[in-house]
Amino acid sequence: VQLQASGGGLVQAGDSLRLSCTISGRTWSGYNMGWFRQPPGKDREFVASIGWNNINTNYTDSVKGRFTVSRDNAKNTMYLQMVSLKPEDTAVYFCASAKWPGGLPVGVRESDYGYWGQGTLVTVSS
């Protein structure tokens, strides 16, 4: 199983970006998926997650109303649409997949996920 995150880049405060995460090696439609990020010099933290049912979602408080997680099962891809970006959103963003299918509520901890992508860097300048 491999996850590939992409879409990062250098943007200005207030701009938007859309991150993508593609998964290969197995069908993924029945698995919870998540986004995490690691700001410079800090620990990795939860950002958003979406359930296998494509209904349940979770967001960390700091991104609510600005970030939207979605998935396209037909394309084996998960997205993170980010608008109104702030300098404090600067981080390496990682996508992750649960190791086992199903399960609710959708996890918000690193231990809820068994497969990880390599990360994509998002830099927001002020």
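Quick note: residue numbers are just sequence positions, from 1. Small disclaimer: the values here were computed from a predicted structure and weren't measured.
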Legend entry - Partners passing salt bridge (Lys or Arg N to Asp or Glu O under 4.0 Å) against R18 (at least two apart in sequence or in another chain): none
Inset, instruction - Could you pull out the closest heavy-atom pair between V108 and F46, with the gap in Å? - result: O-CB, 3.3 Å
Inset, instruction - Applying salt bridge (Lys or Arg N to Asp or Glu O under 4.0 Å), name anything that partners D43, two or more places apart in sequence or on another chain. - result: none
Inset, instruction - Please lay out, stage by stage, how W35 and L19 fare under the test side chain to side chain contact (heavy atoms under 4.5 Å, CB included). - result: CA-CA 10 Å; W35 287 99; L19 304 183; 3.7 Å; yes
Inset, instruction - Would you list the pairs meeting ring-ring contact (aromatic ring centres under 6.0 Å, His included) in which at least one residue belongs to residues 82-105, sequence neighbours left out? - result: none
Inset, instruction - Compare all side-chain heavy atoms of V63 with those of V47 and state whether any distance is below 4.5 angstrom. - result: yes
Legend entry - Listed partners of N76 passing side-chain contact (heavy atoms from CB on, under 4.5 Å), at least two apart: I23, W28
Inset, instruction - Using the test salt bridge (Lys or Arg N to Asp or Glu O under 4.0 Å), find all partners of E88 that sit at least two apart in sequence or belong to another chain. - result: none
Legend entry - Side chain proximity check, R37 to R44, heavy atoms < 4.5 angstrom: no
Legend entry - Close side-chain approach of K86 to V124, heavy-atom, < 4.5 Å: no
Inset, instruction - List the atom of M33, the atom of C21, and the distance in Å for their closest heavy-atom pair. - result: CE-SG, 4.3 Å
Legend entry - Side chains of E45 and T60 in contact at under 4.5 Å (non-hydrogen atoms): no
Legend entry - Partner residues of W116 under the ring pair (Phe, Tyr, Trp, His ring centres under 6.0 Å) criterion, sequence neighbours left out: F36
Inset, instruction - Check whether any side-chain heavy atom of L17 lies under 4.5 Å from a side-chain heavy atom of V122, and answer yes or no. - result: yes
Inset, instruction - For residues M78 and V69, determine if any side-chain heavy atom of one lies less than 4.5 Å from a side-chain heavy atom of the other. - result: yes
Legend entry - Validation row: V106, I50 side chains within 4.5 angstrom (heavy atoms): no
Legend entry - For P40 against A91, the heavy-atom pair lying closest together: CD-CA, 4.5 Å
Inset, instruction - Take D89 and F67, measure what side chain to side chain contact (heavy atoms under 4.5 Å, CB included) needs, and give me the verdict at the end. - result: CA-CA 11 Å; D89 295 319; F67 290 11; 3.9 Å; yes
Inset, instruction - Taking all heavy atoms of L80 and all of A48, pick out the closest pair and write down the distance. - result: CD1-CB, 4.2 Å
Legend entry - Side chain to side chain, L3 and Q118, heavy atoms closer than 4.5 Å: no
